[in-house]
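One structure below.
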Amino acid sequence: DAGVIQSPRHEVTEMGQEVTLRCKPISGHNSLFWYRQTMMRGLELLIYFNNNVPIDDSGMPEDRFSAKMPNASFSTLKIQPSEPRDSAVYFCASSPTSGTSSHNEQFFGPGTRLTVL
Amino acid sequence: AQSVAQPEDQVNVAEGNPLTVKCTYSVSGNPYLFWYVQYPNRGLQFLLKYITGDNLVKGSYGFEAEFNKSQTSFHLKKPSALVSDSALYFCAVTRRRGSGAGSYQLTFGKGTKLSVIP
């Protein structure tokens, strides 16, 4: 298995532009997580899907952020409009976890490094 | 609410010496505890986890961790450090859930940078 796949690996954009980050989870994993990592705030959970349904989006910073999971093999995280403070590394992770087996480990993708100028 | 504290931003150890990376946690109910490692420009990789049972958990690359319920700690250890162990280490916690789907949030510490000096 190729592991969790994220694209693009690097994104540089200007303030106000729309940014779309993509993730392909490991086949058979039914939970998907989006995280943001910065030096100041560390690793933050943005949103969590289980069986393609958003379960907890309390970490999404504001309405400019949205995430979708149209099927079991694809998810997107969109920022519109982007701002310089959104610059961070965004990770996608997947897990064979259901709501009752929260001890399964998460498998992380390589991340997307976003720079908003 | 659940939280993780990694009190040391950085740990330096000489190659061949034992290493310890500290972690304490706060969670209601019984915890599930994890350690992950992050190498530069990579995603996090799972090292080991505590679910229940034996308090000493063994994981990848010779690492182990000891769960101490009374001290709410889950320190990461290795008997003999390698230069290749140099990386960022994250402790994480979640709690056991009841039946039925529900919010599942893995809370990470801020990370500890381990530097193994040749």
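Below, chains carry the letters A, B, ... as their sequence lines are ordered, and counting in each starts from 1. Heavy atoms only: backbone and side chains are in, while hydrogens, waters and symmetry mates are out. Model, not experiment: these values are computed from the prediction.
A/Glu105 and B/Phe34 get closest at one heavy-atom pair: CA-CE2, 4.1 Å. Smallest separation of non-hydrogen atoms from B/Asn41 and A/Arg9: O-NH2, 3.7 Å. Considering all non-hydrogen atoms of both residues, B/Leu106 and A/Tyr35 come closest at CB-OH, 4.0 Å. Taking both residues in full, the closest heavy atoms of A/Phe91 and B/Gln38 are given as CZ-NE2, 3.3 Å, listed atom of the first, atom of the second, then distance. In terms of heavy-atom proximity, A/Phe108 sits nearest to B/Leu44 at CB-O, 3.3 Å. Of all heavy-atom pairs spanning A/Met40 and B/Lys110, the tightest one is O-NZ, 3.9 Å.
B/Tyr36 places a side-chain N or O within donor-acceptor distance of the main-chain N or O of A/Gln106, the cut-off being under 3.5 Å.
With contacts defined as side-chain heavy-atom distances shorter than 4.5 Å, the pair B/Phe108/A/Gln37 does not qualify.
With a threshold of 4.5 angstrom between heavy atoms, B/Gln45 does not approach chain A through any atom at all.
Applying the 6.0 Å contact sphere to CD of A/Glu83 captures more than 12 heavy atoms from other residues, nucleotides or ligands. Atom NZ of B/Lys49 sits in a crowded spot, with more than 12 heavy atoms from other residues, nucleotides or ligands closer than 6.0 Å.
When the side chains of ILVMFWY residues are joined at heavy-atom separations under 4.5 Å, either directly or via intervening members, A/Ile55 and A/Leu32 end up in two distinct hydrophobic clusters. When the side chains of ILVMFWY residues are joined at heavy-atom separations under 4.5 Å, either directly or via intervening members, B/Tyr39 and B/Leu48 end up in a single hydrophobic cluster. A/Tyr48 and A/Leu77 sit in two unconnected hydrophobic clusters of ILVMFWY residues. Membership requires side-chain heavy atoms under 4.5 Å apart, directly or through other members. Under a hydrophobic-cluster definition in which Ile, Leu, Val, Met, Phe, Trp and Tyr are linked whenever side-chain heavy atoms come within less than 4.5 Å, directly or via other members, A/Trp34 and A/Val89 are assigned to different clusters. Using a 4.5 Å cut-off between side-chain heavy atoms of Ile, Leu, Val, Met, Phe, Trp and Tyr, with links allowed through other members, B/Phe74 and B/Val27 fall into the same hydrophobic cluster.
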